[in-house]
Amino acid sequence: MGYDAALADYEKFDFEDGPWTRTVYRRGTGPAVIIIHEIPGLHPLVVAFADRVAAAGMTVFLPSLFGTPGKPVSRNYALGSMLSALCIHREFHVWRAGTSSPIVEWLRSLARKAHAECGGKGVGAVGMCFTGGYALAMMTEPAVVAPVLSQPSMPIAAGSAKRAAGFDATPEEVACARARMAAEDLSMIGLRFKSDKLVPDARFANYKQTFGDRFEAIELEDEDAAPAEIPPHSVLTLHLRNDGPSKAAERRVIQFFRERTGA
């Protein structure tokens, strides 16, 4: 069976907006949730998380931004996918704090489409790792009402205190999110393993300071992680256990999506 077998239960379509066209996979009924995959791509554990969101009464949209849809995670695949994404400067920004990646505009347009088609109170969005901060930047789109930031790893923090504390969103996008949270009684969730050097303490401290009690931080211990080839990092996928605190974190995220979207 080919890699597409992991996505056999999904409708597949191409979505074009501006200069970008990307393949999107869709499954379920009810209000929409956009699940933005991590490095190395739309791998089977991201799809499994999406399956559980769909089973909870929502329509999941899985855009494929890089990598091979359905291909399992491996160390070499992850490294190659990361290097490829780092080279696509016109779509992704990874070094600069205080800026968002251009592809976020395409994701906002996808959110508008998803809300128009699926209804509900609005759209949920979760980014993971490389895309972890995208759900925050997407909040300039009024349809997005339930942002989740799972192990938000950009900008790359190495060698810079500013980047360690930084967001991959512009000051204007952050200000818009804060204003909307106050005016519409919204909030967001951030998740990470406390030991994860890709998601520095300073970054989560900045989220907490910037958004106050509108930022629900879920921070896990190493022993909460499922065994994997890499150290604890991927909260909702690679390091998700079938029980315990990491599973409780996943249940909280799905409950958050249901509450905010009206599922």
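Since the structure is predicted, the reported quantities are computational estimates derived from the model, not experimental observations.
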- For Leu7 against Gly70, the heavy-atom pair lying closest together: CD1-N, 3.9 Å
- Query: Measuring from Ser153:OG to Lys197:NZ, what's the distance to the nearest 0.5 Å?
  - Reply: 13.5 Å
- Please tell me if the side chains of Pro147 and Leu136 come closer than 4.5 Å, counting only heavy atoms from C-beta onward. no
- Message: Which residues pass the salt bridge (charged side-chain N to carboxylate O under 4.0 Å, His left out) test with Asp51, not counting sequence neighbours?
- Response: Arg27
- Task: Go through the steps for Arg22 and Asp17 under the test side-chain contact (heavy atoms from CB on, under 4.5 Å), then give the verdict.
- Result: CA-CA 9 Å; Arg22 290 288 184 274; Asp17 181 75; over 6 Å; no
- Task: Take the angle between the ring planes of Phe15 and Phe13 and call it parallel below 30°, perpendicular above 60°, tilted in between.
- Result: perpendicular
- Item | Closest heavy-atom pair and its distance - Arg26, Cys118 | NH2-SG, 3.7 Å
- Item | Of all pairs that satisfy side-chain hydrogen bond (donor to acceptor under 3.5 Å, both in side chains), the ones with a partner from residues 202-213, not counting sequence neighbours | Asn206-Thr210, Lys208-Glu219
- Item | Approximate separation, where rounding is to 0.5 Å, of Arg192 CZ and Ser150 OG | 12.0 Å
- Would one find more than 12 heavy atoms of other residues, nucleotides or ligands at under 6.0 Å from atom NZ of Lys162? no
- Message: Within the supplied structure, the quantity of interest is the number of heavy atoms (other residues, nucleotides, ligands) at a distance under 6.0 Å from Asp14 CG; does it exceed 12?
- Response: yes
- Message: For Gly30, is there any backbone N or O sitting under 3.5 Å from a side-chain donor or acceptor partner on Thr59?
- Response: yes
- Message: Applying a strict under-4.5 Å side-chain criterion to I, L, V, M, F, W and Y, I'd like to know whether Leu236 and Ile189 cluster together.
- Response: yes
- Note on the structure: side-chain hydrogen bond (donor to acceptor under 3.5 Å, both in side chains) pairs touching residues 135-144, sequence neighbours excluded, are Arg108-Thr140, Arg112-Glu141
- Under 3.5 Å donor-acceptor, Thr131 side chain and Met128 backbone: yes
- Item | Least distance between heavy atoms, Tyr10 atom then Val47 atom | OH-O, 3.6 Å
- Task: Please report the shortest heavy-atom distance between Pro40 and Val73, naming the atom on each side.
- Result: CD-CG2, 3.9 Å
- Message: Please determine whether side-chain contact (heavy atoms from CB on, under 4.5 Å) holds for the pair Thr99 and Glu173, giving the CA-CA distance in whole Å, both sets of side-chain angles, and the decisive distance to 0.1 Å.
- Response: CA-CA 9 Å; Thr99 185; Glu173 288 164 343; over 6 Å; no
- Query: Same cluster or not: are Val33 and Met138 linked, directly or through other Ile, Leu, Val, Met, Phe, Trp or Tyr residues, by side-chain heavy atoms under 4.5 angstrom apart?
  - Reply: no
- Message: Within the structure provided, determine whether Ile34 and Leu110 are in side-chain contact (heavy-atom separation under 4.5 Å).
- Response: yes
- Query: Do Pro69 and Lys12 have side-chain heavy atoms sitting under 4.5 Å apart?
  - Reply: no
- Going from CE on Met139 to CE on Met181, what distance comes out if it is rounded to the nearest 0.5 angstrom? 4.5 Å
- Can you check whether Lys194 reaches Pro232 side chain to side chain, under 4.5 Å on heavy atoms? no
- Is there a side-chain contact (heavy atoms from CB on, under 4.5 Å) between Val174 and Phe211 once you walk through the steps? CA-CA 9 Å; Val174 172; Phe211 294 99; 3.9 Å; yes
- Closest non-hydrogen contact found for Asp168 with Pro155 is N-CD, 3.9 Å
- Query: Given the rule in the side-chain contact (heavy atoms from CB on, under 4.5 Å) test, do Val60 and Phe49 qualify, once you have shown the distances and angles that lead to the verdict?
  - Reply: CA-CA 10 Å; Val60 291; Phe49 169 69; over 6 Å; no
- Would you kindly confirm whether Phe167 and Phe215 end up in one hydrophobic cluster when ILVMFWY residues are joined by side chain heavy atoms under 4.5 Å apart? yes
- Query: Atom CD in Glu250, atom CG in Leu191: separation rounded to 0.5 Å?
  - Reply: 10.5 Å
- Query: Of all heavy-atom pairs between Ala125 and Phe257, which one has the smallest distance, and what is that distance?
  - Reply: N-CE2, 3.8 Å
- For Thr68, does its backbone N or O pair with a side-chain atom of Tyr77 as donor and acceptor, under 3.5 Å? yes
- Note on the structure: To the nearest 0.5 Å, atom CD1 of Ile230 lies from atom CG of Leu198 at 8.5 Å
- Using a cut-off of 6.0 Å, state whether more than 12 heavy atoms not belonging to Arg180 lie near its atom CZ. yes
- Query: Given Lys121 and Glu259, is the salt bridge (charged side-chain N to carboxylate O under 4.0 Å, His left out) satisfied, shown in steps?
  - Reply: CA-CA 9 Å; Lys121 298 178 182 177; Glu259 291 170 352; over 6 Å; no
- Task: Output the distance between atom CD (Gln151) and atom CG (Leu238), rounded to the nearest 0.5 Å.
- Result: 9.5 Å
- Message: Is it the case that the side chain of His37 and the backbone of His43 share a donor-acceptor pair, with hydrogens and angles ignored and the cut-off at 3.5 Å?
- Response: no
- Query: Any salt bridge between Asp185 and Arg214, counting N to O under 4.0 Å?
  - Reply: yes
- Message: Pairing donors with acceptors under 3.5 angstrom, does anything connect the side chains of Arg258 and Gln255?
- Response: no
- Message: Any side-chain to backbone donor/acceptor pair from Ser246 onto Arg241? Under 3.5 Å, distance only.
- Response: yes
